[in-house]
Amino acid sequence: MARPLIIGPDTGPSAPYPYRMAGTVISGFGRGSKELGIPTANLPVDSAQTPWIDDIPSGVYFGWASLALDKTHPQFVAGREYAVFPMVMSIGYNPFYKNTVRSAEVHVLSNFEADFYGVEMRLLILGFIREEKDYEGLEALIKDIEFDCEVAKKSLERKGWKPRGLGGSLDGGWLLG
């Protein structure tokens, strides 16, 4: 069955979205960049801070990420406390790797020249792409992740899905502090 390349109506996300999540970027399992070629920023899954996280299905989501980058970071934007980027993320157990702990792994859709461990990250999660699943091999997993990235990019380029500061009509003020 063919998967859609765009999620949601052009007018923007609908209930129950958006979800908000924030935290300090932590080290993950070390597979994103090394094994998959898809670097991830990991946030702690803490239902005390994000009570909705226990009630949503495990799977792939998309939206916007903001990072409070240090002035020495190559992607630092002068005059802004937070830099905003499109993102795709996995919330779940990653059955291919047989994880026993639920994780939140964010792939920021930008080419970063340096890591940003320890940086404050805010997420505005706008939609659901697909449920998590197991894979026969690494190649199939990578192919699906690459397609997820395209779905996120195409979905977020519409005016109703872009924050106002980026030429859209979405209220993304929370991302900026």
Side-chain angles (χ1 to χ4, degrees), residues 1-26 28 32 38-69 77 80-95 99 101-110 112 116 119-133 141 144-177:
M1 183 172 91
R3 292 174 46 202
L5 190 56
I6 295 178
I7 304 292
D10 288 347
T11 54
S14 55
Y17 300 98
Y19 289 121
R20 295 176 180 180
M21 186 173 185
T24 301
V25 176
I26 58 173
I38 302 164
T40 58
N42 299 274
L43 291 179
V45 174
D46 182 355
S47 58
Q49 290 185 355
T50 50
W52 52 264
I53 204 157
D54 290 338
D55 299 327
I56 64 168
S58 292
V60 179
Y61 294 81
F62 70 99
W64 297 93
S66 64
L67 296 164
L69 298 171
V77 179
R80 291 194 181 166
E81 184 179 355
Y82 287 88
V84 179
F85 304 93
M87 66 85 184
V88 63
M89 71 181 297
S90 167
I91 298 174
Y93 296 94
N94 302 315
N99 293 355
V101 175
R102 201 163 194 222
S103 63
E105 299 172 283
V106 180
H107 176 56
V108 179
L109 297 170
S110 184
F112 280 84
F116 44 87
V119 166
E120 174 72 18
M121 176 184 272
R122 291 179 174 204
L123 303 176
L124 195 62
I125 302 165
L126 302 180
F128 182 75
I129 296 176
R130 65 175 174 85
E131 291 183 358
E132 72 178 352
K133 63 181 188 176
L141 170 62
D144 249 9
I145 293 171
E146 288 172 347
F147 190 80
D148 297 336
C149 292
E150 287 305 308
V151 169
K153 288 175 193 174
K154 293 277 187 204
S155 297
L156 293 170
E157 68 187 14
R158 299 170 294 164
K159 185 176 181 176
W161 294 79
K162 280 186 191 177
R164 287 188 190 113
L166 299 176
S169 59
L170 180 74
D171 179 4
W174 181 78
L175 289 167
L176 303 175

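Model, not experiment: these values are computed from the prediction. Quick note: numbers below take in every heavy atom, side chains included, and nothing from hydrogens, waters or symmetry partners.
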Worksheet entry | Those residues that, when tested against Trp52, pass ring pair (Phe, Tyr, Trp, His ring centres under 6.0 Å) (two or more places apart) | Tyr19

Worksheet, complete the sentence: Rounding to 0.5 Å, atoms CZ (Arg3) and CD1 (Ile129) come to a distance of 7.0 Å

Worksheet entry | Closest approach of Gly59 to Phe128 (non-hydrogen atoms, all atoms of both residues) | CA-CE1, 4.0 Å

Discussion item. Looking at every non-hydrogen atom in both residues, tell me the closest pair between Arg122 and Ala22 and how far apart they are.
Written reply: CG-CB, 4.1 Å

Discussion item. For Ala41 versus Met121, what's the shortest heavy-atom pair and its separation?
Written reply: CB-CE, 3.7 Å

Response to the item:
When rounded to the nearest 0.5 Å, the distance separating CG of Leu67 from CG of Leu69 is 5.0 Å

Worksheet item: Can any side-chain N or O of Trp161 pair as donor or acceptor with the backbone N or O of Gly168 at less than 3.5 Å?
Response: no

Fill in: Taking every non-hydrogen atom, the tightest pair across Ser103 and Val45
C-CG2, 3.6 Å

Worksheet item: Can you find a pair of side-chain heavy atoms, one from Glu81 and one from Leu176, that are under 4.5 Å apart?
Response: no

Worksheet item: Heavy atoms, side chains only, cut-off 4.5 Å: are Ser90 and Ile145 in contact?
Response: no

Worksheet item: Taking the side chain as C-beta and beyond, is there a heavy-atom pair between Lys153 and Glu150 under 4.5 Å?
Response: yes

Practice prompt. Could you walk me through whether Val151 and Val60 pass side chain to side chain contact (heavy atoms under 4.5 Å, CB included), step by step?
Written response: CA-CA 11 Å; Val151 169; Val60 179; over 6 Å; no

Worksheet item: Roughly how far, to the nearest 0.5 Å, is the CZ atom of Phe147 from the CZ atom of Arg130?
Response: 10.5 Å

Item to complete: Please answer whether the main-chain N or O of Ile53 pairs with a side-chain N or O of Arg102 as donor and acceptor at a distance below 3.5 Å.
Response: yes

Fill in: side chain to side chain contact (heavy atoms under 4.5 Å, CB included) assessment of Glu105 paired with Asn42
CA-CA 5 Å; Glu105 299 172 283; Asn42 299 274; 2.8 Å; yes

Practice prompt. Please name the pair of heavy atoms, one in Leu156 and one in Pro86, separated by the smallest distance, quoted to 0.1 Å.
Written response: CD1-CB, 3.7 Å

Worksheet, complete the sentence: In terms of heavy-atom contacts, Ser58 and Gly92 come closest through OG-CA, 3.5 Å

Worksheet entry | Side chain to side chain, Val25 and Val106, heavy atoms closer than 4.5 Å | no

Worksheet item: Which pairs pass salt bridge (Lys or Arg N to Asp or Glu O under 4.0 Å) with one or both residues in residues 6-20, sequence neighbours excluded?
Response: Asp10-Arg158

Discussion item. Could you check whether any side-chain heavy atom of Leu123 comes within less than 4.5 Å of a side-chain heavy atom of Tyr61, counting everything from C-beta outward?
Written reply: no

Discussion item. Within the 4.5 Å heavy-atom criterion, are Ser155 and Ile6 side-chain neighbours or not?
Written reply: yes

Worksheet entry | Euclidean distance, Cys149 SG relative to Met87 CE, rounded to 0.5 Å | 11.5 Å

Practice prompt. Test Val84 against Leu124 for side chain to side chain contact (heavy atoms under 4.5 Å, CB included), laying out the working first.
Written response: CA-CA 10 Å; Val84 179; Leu124 195 62; over 6 Å; no

Item to complete: With rounding to the nearest 0.5 Å, note down the distance linking CZ in Phe62 to CE in Met89.
Response: 12.5 Å

Fill in: From CG (Leu141) to NZ (Lys133), nearest 0.5 Å
9.5 Å

Worksheet item: Given Tyr82 and Leu175, is the side chain to side chain contact (heavy atoms under 4.5 Å, CB included) satisfied, shown in steps?
Response: CA-CA 7 Å; Tyr82 287 88; Leu175 289 167; over 6 Å; no

Fill in: Any donor-acceptor pair under 3.5 Å from Glu132 side chain to Tyr93 backbone
yes

Worksheet item: Heavy-atom distance under 4.5 Å between the side chains of Trp64 and Leu166, does that happen here?
Response: yes

